[in-house]
Protein chains: 2
Amino acid sequence: MISRKFLMGRGREQLSISERKMIESSISSVFEIAARKPLVRHGESLDKSMLLLEGFVCRYKKDMTGARQAVEFHVPGDFLDLHGFGLKRLDHDIETISEAKVATFNHDVLTIITEQWPNLSKSLWFSTLLDASMHRKWIFSHGRLRAEGRIANFLCEIYVRLDMVGLVTDGAFHFPLTQPDLGEITGLTGVHVNRVLRSLRSQGFFAADRRSIQILDYEGLARLGEFNADYLLPPSTSAKRAP
Amino acid sequence: MISRKFLMGRGREQLSISERKMIESSISSVFEIAARKPLVRHGESLDKSMLLLEGFVCRYKKDMTGARQAVEFHVPGDFLDLHGFGLKRLDHDIETISEAKVATFNHDVLTIITEQWPNLSKSLWFSTLLDASMHRKWIFSHGRLRAEGRIANFLCEIYVRLDMVGLVTDGAFHFPLTQPDLGEITGLTGVHVNRVLRSLRSQGFFAADRRSIQILDYEGLARLGEFNADYLLPPSTSAKRAP
DNA sequence: CGGCTGCTTGATCAAGTTCAACTTTTGTGG
DNA sequence: CCACAAAAGTTGAACTTGATCAAGCAGCCG
């Protein structure tokens, strides 16, 4: 079922069988795309929205010099540009970080959902509210935390979000981000990310090999990064964290 | 009409007469509140949402030490906690900055709107998408701009948003924020805000008396703060900016 | 193989914080 | 309305964080 990870990561209301079927039948196409490719460019007009099925994707705003600030990091189960359904165009770019698999939903089908499927609509709205909640956490992180805290905070976020969609095994997960990527996310330079990562690694908070990370001390990272998963409103069945 | 500023600031779709009447009749109460008072505390469960009619309000996340990071600044016409309708509880606090006047909407009435008034629902959803868009601009500002740029950027934001709801006259507007307030918004200390403000003032970008600001060089501030009002998706009738 | 990108490390520099002191303004109670 | 306390505004000096500049090394892709 294509919507499975969406329901794991973003679903909070119970959906009926017919509602799930409606989601599945709303999909207009599924495609794969290589790493480091643009999915949406800011300002272009949109007539469909994309659900990420596999891989990692990031949204970016560019500064005057072309340097990028990431504004959201996406894991499987996330809609990538559902905001585009309401706004019709985006104020930022969307690009893959790893190779990815994506399902698309035409906006005219989403319009039918908003008109005839109130419970599903609410679920879509809810998903965009979660995006906003994640945005607020990033504002907090960038405004109040020092480099070490920001990085610890982001590691906690991705760990918890990947765990929600079943992509963490024994505290470890696939993590193909480069140090410059982390810099674009945390508002630091790649050089400084390098120094902080090493310090965190040497303190035993996590271990990393080429393309994956294992979290060794989630509690410690959460303390450093002042991280609390409540902002994700985790499904009530498991209000606990830190598996 | 109580929803007038909402329509000026957040309305993008044409609403019918009956839809406007529905909004007006959905209001359950209107109240006034003093400056520096809490409106919503994080985590508390919500059964109504508030529309700001007059005054300034801010949303905050607190760090470990109790220091606050503002995550959104609200002007008249903004819903303050519409996100609470979907999320049922907030991850942050909402507090008045000035004295304020607020209209409340019970969630059961909003539920009726989502079930029976698709066009109105979309308008409410759109308003929360604009909040997310503003959040993203703050992430960019905090992640990529230096102190001077961040402050210039915020001054542009508030100037444009207040202008949209008709609260700017000859480039001037009521502005009761203290320098520590600006620090909580921009992620800087009050001391540094002081130095930067003075530098901007002495360069002729704006003038300030006790409780108001007059923007003298919007273009210059926008350049400094890398500000572009597109992210607010201004009503198409006036895609122009910088009155 | 060659070149690009990322990773690593050191040295220097600049931005912004912290601490401290003092002045001005604002709000409150008598 | 005045006195006083609390908060905001201002300024300087020392200090810290992270950026910038620079250089060498290691993977990876074509």
Side-chain angles (χ1 to χ4, degrees), chain A residues 34-37 58 63-69 95-99 141-154 175-202 206-213 224-225, chain B residues 34-37 56 58 63-69 95-99 141-154 174-202 206-213 224-225:
Chain A
R36 311 289 169 181
K37 297 293 176 204
C58 221
D63 76 6
M64 226 165 47
T65 72
R68 304 190 300 184
Q69 172 64 46
E95 197 168 295
T96 57
I97 284 191
S98 66
E99 48 209 13
S141 168
H142 292 184
R144 281 290 165 264
L145 304 181
R146 316 271 85 230
E148 200 178 53
R150 287 191 214 173
I151 291 179
N153 186 292
F154 177 68
F175 189 76
L177 302 215
T178 65
Q179 292 175 0
D181 285 334
L182 284 172
E184 290 179 327
I185 287 169
T186 54
L188 302 165
T189 59
V191 172
H192 202 59
V193 167
N194 180 290
R195 300 192 225 263
V196 173
L197 280 183
R198 182 143 34 83
S199 155
L200 292 176
R201 245 183 289 142
S202 75
F206 69 93
D209 70 9
R210 189 133 324 284
R211 293 171 185 289
S212 68
I213 278 193
L224 255 188
Chain B
R36 310 291 169 181
K37 298 292 175 203
F56 294 121
C58 222
D63 76 6
M64 227 165 46
T65 71
R68 303 189 301 184
Q69 172 64 45
E95 198 168 295
T96 57
I97 282 190
S98 65
E99 47 209 12
S141 167
H142 291 184
R144 281 290 165 263
L145 304 182
R146 320 268 82 233
E148 200 177 54
R150 287 191 213 172
I151 290 179
N153 187 290
F154 177 68
H174 180 58
F175 189 76
L177 304 215
T178 65
Q179 292 176 0
D181 285 334
L182 283 172
E184 290 179 327
I185 287 169
T186 54
L188 303 165
T189 59
V191 171
H192 201 58
V193 167
N194 181 290
R195 301 191 225 264
V196 173
L197 279 183
R198 183 141 34 83
S199 154
L200 292 175
R201 245 183 287 142
S202 75
F206 68 91
D209 70 8
R210 190 136 322 289
R211 291 167 185 289
S212 68
I213 278 194
L224 254 187

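Chain letters run A, B, ... following the sequence lines, proteins first and then strands; every chain starts at 1.
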Visitor: So, for A:A35 and A:T96, which heavy atoms are closest and what is the spacing to 0.1 Å?
Guide: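 In this case the closest contact between A:A35 and A:T96 is C-OG1, 3.3 Å.
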Visitor: Just how far is it from atom CD of A:Q69 to atom OG of B:S141, taken to the nearest 0.5 Å?
Guide: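 Spacing of CD (A:Q69) from OG (B:S141) equals 10.0 Å.
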Visitor: For a 4.0 angstrom threshold against heavy atoms of chain A, report the outermost contacting nucleotides of DNA chain C in 5' to 3' order.
Guide: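 Nucleotide range in contact with chain A: C:dG6 to C:dA11.
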Visitor: Using a heavy-atom distance cut-off of less than 4.0 Å, which residues of residues 176-184 of chain B contact DNA chain C?
Guide: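 Those residues whose heavy atoms fall under 4.0 Å from DNA chain C, taken from residues 176-184 of chain B, amount to none.
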Visitor: Using residues 190-197 of chain B as the side-chain source, report each donor-acceptor pair under 3.5 Å to any protein atom, sequence neighbours left out, with the distance given to one decimal.
Guide:
from   : atom 1 : to     : atom 2 : distance (Å)
B:N194 : OD1    : B:R198 : NH2    : 3.4
B:N194 : ND2    : B:Q179 : OE1    : 2.9

Visitor: Using both pair distances under 3.5 Å as the test, note the stems of at least 3 consecutive Watson-Crick or G-U pairs that include DNA chain C.
Guide: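 So far as stems of 3 or more pairs are concerned, DNA chain C shows C:1-30 with D:1-30.
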Visitor: Would a 4.5 Å heavy-atom cut-off, applied to side chains only, mark B:E148 and B:L200 as touching?
Guide: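 Yes, side chains in contact.
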Visitor: B:F154 vs B:F175 aromatic rings, parallel, tilted or perpendicular, using cut-offs 30° and 60°?
Guide: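 Rings of B:F154 and B:F175: tilted, 30 to 60°.
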Visitor: If only side-chain N and O atoms of B:N194 are considered, is one of them under 4.0 Å from the OP1 or OP2 phosphate oxygen of D:dG9?
Guide: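 No, outside the criterion.
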Visitor: Please report the closest heavy-atom contact between B:G225 and B:N153, naming both atoms and the distance.
Guide: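 Nearest heavy atoms, B:G225 then B:N153: O-ND2, 2.8 Å.
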Visitor: Enumerate the residue pairs fulfilling side-chain hydrogen bond (donor to acceptor under 3.5 Å, both in side chains) with a member in residues 182-191 of chain B, sequence neighbours excluded, ordered by first and then second residue.
Guide: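 Counting only pairs at least two positions apart or across chains, the side-chain hydrogen bond (donor to acceptor under 3.5 Å, both in side chains) contacts touching residues 182-191 of chain B are B:R68-B:E184.
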Visitor: Show the nearest heavy-atom pair for residues B:L188 and A:R144, with the distance to one decimal.
Guide: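 Closest pair (atom of B:L188, atom of A:R144, distance): N-NH1, 4.4 Å.
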Visitor: Taking all atoms of both residues into account, what is the closest heavy-atom pair of B:H174 and B:R211, and its distance?
Guide: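 Heavy atoms only, the tightest pair is ND1-O, 3.3 Å.
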Visitor: Going 5' to 3' through nucleotides 23-29 of chain D, assign each nucleotide B (protein heavy atom under 4.0 Å from a base atom), S (under 4.0 Å only from sugar-phosphate atoms) or - (no protein heavy atom that close).
Guide: -----S-
Visitor: Give me the atom names and distance for the closest heavy-atom approach of B:S98 to B:F56.
Guide: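 Of all heavy-atom pairs spanning B:S98 and B:F56, the closest is OG-N, 2.8 Å.
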Visitor: Roughly how far apart are B:L224 CG and B:L145 CG, rounded to 0.5 Å?
Guide: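 B:L224 atom CG to B:L145 atom CG measures 9.5 Å (nearest 0.5 Å).
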Visitor: With the side chain counted from C-beta on, respond yes when A:R201 and A:F206 share a heavy-atom pair under 4.5 Å apart, and no when they do not.
Guide: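 Touching, per the 4.5 Å side-chain cut-off.
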Visitor: For a quick check of understanding: with a heavy-atom distance under 4.0 Å over all strands, which category does A:R195 fall into, base, sugar-phosphate or nothing?
Guide: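 Base, at least one base atom sits under 4.0 Å.
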Visitor: If you compare all heavy atoms of A:D181 against all heavy atoms of A:P176, which two are closest, and at what distance to 0.1 Å?
Guide: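 For A:D181 versus A:P176, the nearest heavy atoms are OD2-O, 4.5 Å.
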Visitor: Would you kindly compare B:R36 and B:R146 by the position of their nearest DNA chain D nucleotide and give the one closer to the 5′ end?
Guide: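 Its nearest nucleotide lies further toward 5', so the answer is B:R36.
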